[in-house]
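Comments concern the structure below.
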Amino acid sequence: MGLQLAYYAEEERLDLTVTEALDHSLADGILEACNYVSDRLVTCIIDCTQVERVHESGRVLLLYLMRILDNYRVRFITLGSVLEMESQESRAKTRWMQDHA
């Protein structure tokens, strides 16, 4: 499974764990996570330490969620460096450009 959600009402905390690929297949889970975002939510922990592949579509979904969290002033903590990782699309484009230069 690519995304696991856990909501802890007593702590007003939402935990997301992303595994395997950060890509468009997470869209439904990210939208589900957005349903938990409200004025009562205090913290959201996004664990990406188990991500093996990063795609631009997954990065965009994660940024979308972070924007919503920010709009509600929810503190979010991201574990793992997926936003800084080069996506597979970027690597392929760079390789193609190098091969055809």
Side-chain angles (χ1 to χ4, degrees):
M1 179 176 262
L3 181 67
Q4 297 171 357
L5 298 176
Y7 177 66
Y8 303 97
E10 64 280 356
E11 297 177 28
E12 299 173 335
R13 187 181 92 212
L14 176 65
D15 291 359
L16 285 81
T17 302
V18 182
T19 59
E20 300 169 13
L22 180 63
D23 62 15
H24 70 281
S25 68
L26 303 178
D28 289 340
I30 295 292
L31 291 175
E32 182 182 346
C34 291
N35 290 329
Y36 289 101
V37 179
S38 70
D39 292 329
R40 293 187 320 257
L41 189 65
V42 175
T43 305
C44 179
I45 298 174
I46 306 168
D47 182 356
C48 297
T49 58
Q50 299 175 50
V51 170
E52 297 170 4
R53 294 178 311 280
V54 177
H55 297 270
E56 287 300 315
S57 57
R59 189 179 298 178
V60 168
L61 286 167
L62 206 53
L63 291 171
Y64 173 75
L65 174 61
M66 290 175 173
R67 184 174 184 179
I68 290 173
L69 292 167
D70 191 52
N71 287 343
Y72 279 90
R73 293 180 169 43
V74 175
R75 176 180 51 157
F76 57 89
I77 301 164
T78 307
L79 306 175
S81 57
V82 294
L83 294 177
E84 292 82 27
M85 288 173 65
E86 186 178 17
S87 70
Q88 286 187 313
E89 291 92 345
S90 296
R91 280 195 303 275
K93 190 183 300 180
T94 301
R95 242 187 338 264
W96 186 89
M97 292 175 73
Q98 290 171 344
D99 291 345
H100 295 87

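These numbers were taken from a predicted model, which means no experiment stands behind them.
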- Note on the structure: Minimal heavy-atom distance between C34 and I68, with the atoms involved, is SG-CD1, 3.5 Å
- Rounded to the nearest 0.5 Å, how far does NE2 of H55 lie from CG of L61? 12.0 Å
- Query: Going only through I, L, V, M, F, W and Y residues with side-chain contacts under 4.5 Å, is there a path from L69 to L63?
  - Reply: yes
- Message: Are Q50 and T17 packed together at the side-chain level, in the sense that at least one heavy-atom pair is separated by less than 4.5 angstrom?
- Response: yes
- Message: Using 0.5 Å steps for rounding, measure from the CD1 atom of I30 to the NE2 atom of H24.
- Response: 13.5 Å
- Rounding to 0.5 Å, atoms CD (E11) and OG1 (T43) come to a distance of 9.0 Å
- Locate the shortest heavy-atom distance separating L16 from C44; write the atom from each residue and the value. CD1-SG, 3.6 Å
- Message: Within the structure provided, determine whether L62 and C48 are in side-chain contact (heavy-atom separation under 4.5 Å).
- Response: yes
- Nearest 0.5 Å please: distance from the CZ atom of F76 over to the CG atom of D70. 5.5 Å
- Message: Return the CZ to CG distance between R73 and D39, rounded to the nearest 0.5 Å.
- Response: 10.0 Å
- Side-chain contact, heavy-atom cut-off 4.5 Å: M66 with T78? yes
- Item | Where E12 and L41 come nearest, the two heavy atoms and their spacing | O-CD1, 3.4 Å
- Item | Single-linkage hydrophobic cluster L5~I46, side-chain heavy atoms < 4.5 angstrom | yes
- Message: Please determine whether residues V51 and I45 belong to a single hydrophobic cluster, defined as Ile, Leu, Val, Met, Phe, Trp and Tyr linked transitively by side-chain heavy-atom distances below 4.5 Å.
- Response: no
- Message: With a 4.5 Å cut-off on side-chain heavy-atom distances among I, L, V, M, F, W and Y, is there a chain of contacts connecting Y72 to Y7?
- Response: yes
- Message: Could you measure the distance from the CD1 atom of I77 to the CG atom of D47? Nearest 0.5 Å is fine.
- Response: 11.0 Å
- In terms of heavy-atom contacts, V18 and A21 come closest through CG1-O, 4.3 Å
- Consider only side-chain heavy atoms of I, L, V, M, F, W and Y, link residues closer than 4.5 Å, and tell whether V60 and L65 are in one cluster. no
